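Numbering of residues begins at 1 and proceeds along the displayed sequence. The structure displayed is predicted, hence computed values, not measured ones.
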Amino acid sequence: MVIETVVLLSLWIFDGGDRKIEGWYHQDNVSSCLSSKRTAERNSGEQLQYTCTLEQCEMTIDQTGVKHCNKILD
């Protein structure tokens, strides 16, 4: 396990007046995150919001060598 600062595309769901994080996706850089965010927002409903942020994450590497953010530390 490694701690890194990474770019995350986060998915937020609005439930009444509350907002909760549903999931996040590790991105290579801010540019690719913003591009993915635009695509996701075009294809989603008004109950969803996407954000691109820099976060401290607990990173692991799966058996194929791909890094994943298992836990946001902030």
Side-chain angles (χ1 to χ4, degrees):
M1 172 178 39
V2 177
I3 296 175
E4 289 184 35
T5 300
V6 296
V7 178
L8 293 181
L9 174 63
S10 301
L11 169 60
W12 298 87
I13 295 181
F14 289 94
D15 184 20
D18 297 329
R19 180 178 99 150
K20 75 173 196 168
I21 193 164
E22 182 66 22
W24 57 82
Y25 308 94
H26 174 241
Q27 301 290 306
D28 293 330
N29 54 50
V30 174
S31 178
S32 65
C33 186
L34 291 172
S35 177
S36 297
K37 178 183 178 219
R38 282 190 298 274
T39 301
E41 286 177 339
R42 279 194 298 265
N43 298 320
S44 67
E46 292 182 17
Q47 298 290 327
L48 304 176
Q49 179 185 21
Y50 295 88
T51 59
C52 290
T53 56
L54 287 173
E55 302 288 348
Q56 287 277 330
C57 285
E58 213 174 78
M59 303 294 287
T60 57
I61 300 174
D62 68 14
Q63 55 200 2
T64 63
V66 177
K67 285 185 180 180
H68 298 279
C69 175
N70 285 344
K71 181 179 178 184
I72 299 173
L73 299 176
D74 290 336

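- Within the model, atoms OG1 of Thr51 and CG of Leu9 stand 7.0 Å from one another, a figure rounded to the nearest 0.5 Å.
- We find the NZ-CD distance between Lys37 and Gln49 to be 7.5 Å, quoted to the nearest 0.5 Å.
- Inter-residue side-chain proximity for Leu11 and Tyr50 is flagged as met; some heavy-atom pair is nearer than 4.5 Å.
- With rounding to the nearest 0.5 angstrom, the CH2 atom of Trp12 is 13.0 Å from the CG atom of Leu48.
- A 4.5 Å side-chain heavy-atom check between Thr53 and Val7 finds every atom pair outside the cut-off.
- Scanning both residues, Met59 and Cys69, for their nearest heavy atoms gives SD-CA, 3.6 Å.
- Of the inter-residue distances, the one linking Trp24 atom CH2 with Lys71 atom NZ reads 9.5 Å to the nearest 0.5 angstrom.
- Atom NE2 in His68 sits 9.5 Å away from atom CD1 in Ile61 (nearest 0.5 Å).
- Ser36 places a side-chain N or O within 3.5 Å of a backbone atom of Ser32 that can act as its donor or acceptor partner.
- The distance from the CG atom of Leu8 to the NE2 atom of His26 is 7.0 Å, given to the nearest 0.5 Å.
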